[in-house]
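Remarks on the structure that follows.
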2 protein chains.
Amino acid sequence: MKEHGDDLFHYPNIRLNFSSNIWAHADLSDLEAHLCQHIDIIRHYPEPEPTSLEHLIAGKIHVSSDEIMVTNGITSAIHLIAKAYESRRHIVSVPSFSEYPHHGGQGCLRWICNPNNPTGMCVSSTELYPSDDENELFVIDQSYEDYTTATMLRDEDIVKHGRMILLHSMTKKYCIPGLRLGYLTAHRDIIAKLREFRTPWSVNSLAIEAGKYLVTHDINVLPSIDWMRKETEWFRESINQMEGLEAFPTQTNFFLVRLKHLNSSLLKENLATKEGILIRDASSFEGLDDHYIRLATQLHEENETLLTCLKQYL
Amino acid sequence: MKEHGDDLFHYPNIRLNFSSNIWAHADLSDLEAHLCQHIDIIRHYPEPEPTSLEHLIAGKIHVSSDEIMVTNGITSAIHLIAKAYESRRHIVSVPSFSEYPHHGGQGCLRWICNPNNPTGMCVSSTELYPSDDENELFVIDQSYEDYTTATMLRDEDIVKHGRMILLHSMTKKYCIPGLRLGYLTAHRDIIAKLREFRTPWSVNSLAIEAGKYLVTHDINVLPSIDWMRKETEWFRESINQMEGLEAFPTQTNFFLVRLKHLNSSLLKENLATKEGILIRDASSFEGLDDHYIRLATQLHEENETLLTCLKQYL
């Protein structure tokens with residue numbers, strides 16, 4: 001098992017969490033009340049395939065319901081695509097999300113995370129279309145699409161293209177990582193192939209109910225993207241001005257920091273156990289080493305607290 | 001996608017549900033209250049692997065925590081075992097649960113459902129151990145273990161054996177099919193191999209929380225097995241006495257019925273749309289045809305209602 005962020009369960013006394021890229025201050029009270037009103041759905045099997053939710057989302061994003069597939073989080077979608085196309089050669093630019101597959105074969109499947117995790121940088125849309133080579137398939141993981149002002153691919157365009165798969169994370173859009181919910185869009189032939197590999201009942205009843213509620217009620221739980229980008233730039237520049245730290249450019253709410261003299265794992269442990277602050281040790285990302293951490297913007301006063309605490313360890 | 005039972009979502013006005021083998025009258029109010037008190041865990045990622053729940057269950061069933069693996073329902077476990085051992089020849093006696101894999105290869109993996117779905121019959125424990133052939137592996141799906149008085153395999157014995165995997169369904173034990181929760185036990189070498197195939201965060205936060213609550217508080221939501229078996233025998237014999245119906249013997253709370261003159265799909269549609277009663281059309285089980293239905297025992301007065309309604313269609 002690779003190391004991942006948001007490992008709160010390892011540390012009992014965390015007061016500030018910069019380790020997940022997901023906005024930590026979402027107001028989910030309406031959704032939570034709705035789930036509690038319908039908690040008795042745990043008594044019945046979910047739909048074997050989450051068809052009703054697929055119909056709702058399809059209507060919302062202007063694609064047909066055979067051009068979309070809902071999964072038990074985006075990581076399940078990634079593993080399912082890897083299985084459906086396991087005979088292909090898989091190409092991942094690093095550093096990137098660590099769950100993408102790495103193996104060789106016939107034809108090519110290119111995994112692109114855009115905005116990229118852990119760097120927060122985006123690729124221009126001209127680079128995101130496969131070449132004329134019919135053996136090339138592109139998977140674009142757009143999980144962080146709601147955390148950037150950069151231009152993103154549109155589902156209406158993707159589904160016309162026979163060699164692209166676009167991944168969306170409802171987990172990240174609605175700040176519900178505990179529920180596991182994501183979907184992908186693609187040409188109907190690709191969707192038909194992928195659905196053969198989906199495990200029945202893999203998305204549970206409460207996740208389906210939450211998805212229906214959020215989509216139907218057009219819920220937005222994120223702060224304005226303008227505020228988030230502005231705060232991130234202030235946060236990043238403040239880090240950059242500190243001796244021994246280099247904060248890299250980003251187009252989202254999170255960014256990489258190089259520790260010139262410190263060890264990332266040691267810094268993480270110190271902050272977690274002594275300060276109650278969780279950061280992401282980025283050493284487990286392929287292409288990075290134990291001199292990298294990843295930080296995600298939180299409330300202004302929380303970002304200030306991290307800056308103050310960090311100074312003690314430099 | 002194969003047809004499955006408990007397809008309530010297809011029919012808006014069901015008042016009685018005989019289509020799922022799971023006891024429909026479980027009192028889940030304590031669990032539901034607990035989940036609502038902790039509903040805010042949807043804001044955080046679950047553990048990538050549900051280690052804390054594995055520790056709790058391991059302690060309860062007297063195995064080590066490296067001899068157990070929790071999954072997103074038993075169907076996920078089945079698909080994961082199929083992938084881990086895909087090079088083997090898979091053997092399934094029919095009729096049996098339709099998610100077991102059917103493909104050939106080196107070595108042999110035998111899938112046994114015990115008690116068997118859809119027949120409700122059990123195999124004696126002497127038949128449940130692999131032969132001396134080291135290439136033989138047995139997967140015993142013990143999902144319905146709490147719905148029978150027959151002798152079941154014990155985890156303490158299984159984990160010492162290098163060629164057996166035992167599947168347990170918390171979904172069925174605790175009547176929470178909406179949450180998706182199951183686990184398997186096996187020798188630690190098998191568990192280590194299977195864990196390599198588990199998708200991170202595949203079990204969501206609420207399922208993990210429910211599992212911890214149920215195991216820690218030693219919750220039992222099923223009626224006494226003696227009552228259930230007695231009621232099932234009365235129900236089955238009453239069916240058997242009806243002209244044109246043959247109800248087969250069972251050792252659990254559910255049983256197969258052969259319709260001598262009726263079509264199973266037509267009978268199901270009539271009962272669902274005209275009577276608000278859901279039964280399981282068993283024609284999708286390999287080895288059966290469109291003259292079989294499966295019924296699960298409910299409350300005595302509900303079973304009586306079904307008998308009365310059935311008479312109109314014979």
Side-chain angles (χ1 to χ4, degrees), chain A residues 1-10 17 20 22 24 26 28-29 31-33 35-37 39-49 51-52 72-73 75-76 78-80 83 98-99 171 175-181 195-210, chain B residues 1-10 17 20 22 24 26 28-29 31-33 35-37 39-49 51-52 72-73 75-76 78-80 83 98-99 171 175-181 195-210:
Chain A
M1 175 55 101
K2 306 171 191 92
E3 286 297 312
H4 291 284
D6 203 25
D7 49 345
L8 272 180
F9 47 88
H10 281 149
N17 183 0
S20 164
I22 295 177
L28 295 175
S29 50
L31 172 66
E32 289 172 357
L35 290 180
C36 289
Q37 273 162 30
I39 196 74
D40 63 333
I41 58 175
I42 64 174
R43 295 159 178 268
H44 293 290
Y45 277 90
E47 293 168 272
E49 306 204 63
T51 313
S52 58
N72 182 36
T75 303
S76 287
I78 292 169
H79 284 239
L80 195 144
K83 192 176 172 195
S98 55
E99 290 300 320
T171 291
C175 309
I176 49 168
L179 278 177
R180 321 307 306 129
L181 198 59
R195 280 185 178 168
E196 288 174 27
F197 291 86
R198 180 164 56 181
T199 307
W201 310 291
S202 53
V203 185
N204 89 16
S205 297
L206 292 169
I208 293 174
E209 186 62 31
Chain B
M1 173 57 91
K2 306 171 191 89
E3 286 298 311
H4 291 284
D6 203 25
D7 49 345
L8 273 181
F9 46 88
H10 281 149
N17 183 358
S20 164
I22 294 177
L28 295 175
S29 50
L31 172 66
E32 290 171 357
L35 289 180
C36 289
Q37 273 162 30
I39 196 74
D40 64 333
I41 57 176
I42 64 174
R43 296 158 178 269
H44 293 290
Y45 277 90
E47 292 169 273
E49 305 204 63
T51 313
S52 58
N72 182 37
T75 303
S76 287
I78 292 169
H79 284 240
L80 195 144
K83 192 176 174 196
S98 55
E99 290 300 321
T171 290
C175 309
I176 48 167
L179 277 178
R180 321 306 306 127
L181 198 59
R195 282 184 177 169
E196 289 173 26
F197 290 87
R198 180 163 57 181
T199 306
W201 308 290
S202 53
V203 185
N204 89 16
S205 297
L206 291 169
I208 294 174
E209 186 63 30

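We name chains A, B, ... by the order of the sequence lines, and we start the count at 1 in each one.
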task = Output the distance between atom OH (Y45(B)) and atom CD1 (I176(A)), rounded to the nearest 0.5 Å.
result = 10.5 Å

note = Ranking N17(A), I42(A), I39(A), L35(A) by heavy-atom pairs under 4.5 Å to chain B gives rank one to I42(A)

request  = Drop me the distance from N72(A)'s CG to N204(B)'s CG, to the nearest 0.5 angstrom.
outcome  = 7.0 Å

remark   = Comparing I41(B), T171(B), L31(B), L8(B) against chain A, the one with the most heavy-atom pairs below 4.5 Å turns out to be L8(B)

task = With a 4.5 Å cut-off on heavy-atom pairs, point out which of A207(A), S202(A), A210(A), S20(A) contacts chain B the most.
result = S202(A)

All salt bridge (Lys or Arg N to Asp or Glu O under 4.0 Å) counterparts of E32(A), not counting sequence neighbours = R43(B)

key: chain B contact via T51(A) - side chain, backbone, both or neither, heavy atoms under 4.5 Å   = neither

With sequence neighbours excluded, residues passing side chain to side chain contact (heavy atoms under 4.5 Å, CB included) with T75(A) = H79(A), F97(A), E99(A), R180(A), T199(B), P200(B), W201(B)

inquiry  = Is L28(A) close to chain B through its backbone or its side chain, or both, or neither, when contacts mean heavy atoms under 4.5 Å?
reply    = both

F9(A) versus chain B, the contacting section by heavy-atom distance below 4.5 Å = side chain

note = One option among P177(B), C175(B), A33(B), C36(B) has the most heavy-atom pairs under 4.5 Å with chain A, and it is P177(B)

task = Give, as side chain, backbone, both or neither, the part of I22(A) having an atom under 4.5 angstrom from any heavy atom of chain B.
result = side chain

